[in-house]
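Written below as structure tokens is the structure these notes are about.
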Amino acid sequence: MPSPPTRPFKSKPGTARQPAYKALDADEFKRAGTQNSGLTTRSTQALHSVGVLRTWTDGQVLLSRGQPTSAAWLVVSGRVRISVITSEGEEQLLRWMLPGEIAGLSSVFAQATNPADMVSHGLTQVLQIERGRLIELIGRDPAVALDLLRILGLRINQLFDTLADRGIHSLEQRVWATLERIAKFNSVAVPDGVMLRVSQSDLAQAASASRQRVNQQLRHFQDQGLIRLGYRNIVLLRPSTP
């Protein structure tokens, strides 16, 4: 598929600025999220047969960074916030785990400690799958094994995307790259684009910038007709047809 055309920013007379992002393909964003972010129905059913359902209230810590773990976690309902604390003592949001997504695979397979803090958001149900039962399942069901490998590969790609985004020095470009990254895995289609279920505070953490600066940049995008700001959501608008 050819790359979409760029959407240039409006610039002041006499200045030259590189476009910070490419045109939004809302359908492609939604398709990528639907196809890639969660397990297949077959794998989900198989995991339910070997897991134990647990319920967590808002703000409960499922696992802390560095904590030993012997289980993978499949989100059934609600959301799980995945974050780390930086050396400066600030929380860095990595991603949200949504229903149908599984966490803890790398720690379970490598028998390593948990790499991030996992906190429930609202009333959350999580299927806990102990390592022994998970290993037994994938040993007798190659389809589940392949599906879990797909998820691990996707997470590695997301990690590289995150590292690449944080290497962008321009706040304008970094915020837009973060919006695009979140849109792929935490958005829903709306008539005029895709809606990201993310607060400005979370976006600021994900973009490694202050909330005030990110808010200013978002309002700049909104003034240009690129996004629409809502309560704890941001809509990336489809480009208008010339």
Checklist line | Polar side-chain atom of R131 near backbone of S70 as donor-acceptor pair, under 3.5 Å | finding: no
Check: Tell me, do R155 and E101 make a side-chain contact under 4.5 Å, heavy atoms counted?
Finding: yes
Checklist line | CD-CG distance between Q125 and L53, expressed to the nearest 0.5 angstrom | finding: 4.5 Å
Checklist line | Residue from V144, L39, V76, D147 passing side chain to side chain contact (heavy atoms under 4.5 Å, CB included) with T44 | finding: L39
Margin query: So, taking the atom named CD1 in I102 and the one named CH2 in W73, what distance separates them when rounded to the nearest 0.5 Å?
Written below: 11.5 Å
Notebook entry, point to check: Side chains of Q200 and L229: closer than 4.5 Å at any heavy-atom pair?
Noted result: yes
Notebook entry, point to check: So do W176 and Q217 actually touch side chain to side chain, heavy atoms under 4.5 Å?
Noted result: no
Notebook entry, point to check: Is any side-chain heavy atom of T41 less than 4.5 Å from a side-chain heavy atom of Q45?
Noted result: yes
Item checked: Sub-4.5 Å side-chain heavy-atom contact between E172 and H220 -> yes
Margin query: Distance check, rounded to the nearest 0.5 Å: R197 atom CZ versus D202 atom CG?
Written below: 13.0 Å
Note to self: Quick one, I135 and I138 - any side-chain contact, counting heavy atoms below 4.5 Å?
What the structure shows: yes
Next item on the list: Check whether any side-chain heavy atom of L123 lies under 4.5 Å from a side-chain heavy atom of T55, and answer yes or no.
Entry: yes
Item checked: Value rounded to 0.5 Å, distance of CG in L203 from OG1 in T178 -> 6.0 Å
Next item on the list: Answer whether the closest heavy-atom distance between the side chains of W96 and V75 falls below 4.5 Å.
Entry: no
Notebook entry, point to check: How long is the span from the CG atom in L237 to the CD atom in Q224, to the nearest 0.5 Å?
Noted result: 12.0 Å
Next item on the list: With rounding to the nearest 0.5 Å, note down the distance linking CZ in R219 to CD1 in I227.
Entry: 9.0 Å
Using atom types as modelled, flag every donor-acceptor pair under 3.5 Å from a side chain in residues 103-112 to any protein atom, sequence neighbours excluded.
{"residue": "S107", "atom": "OG", "partner": "T113", "partner atom": "O", "Å": "3.1"}

Margin query: Hydrophobic clustering (ILVMFWY, side-chain heavy atoms < 4.5 Å, transitive) - are I129 and L137 grouped together?
Written below: yes
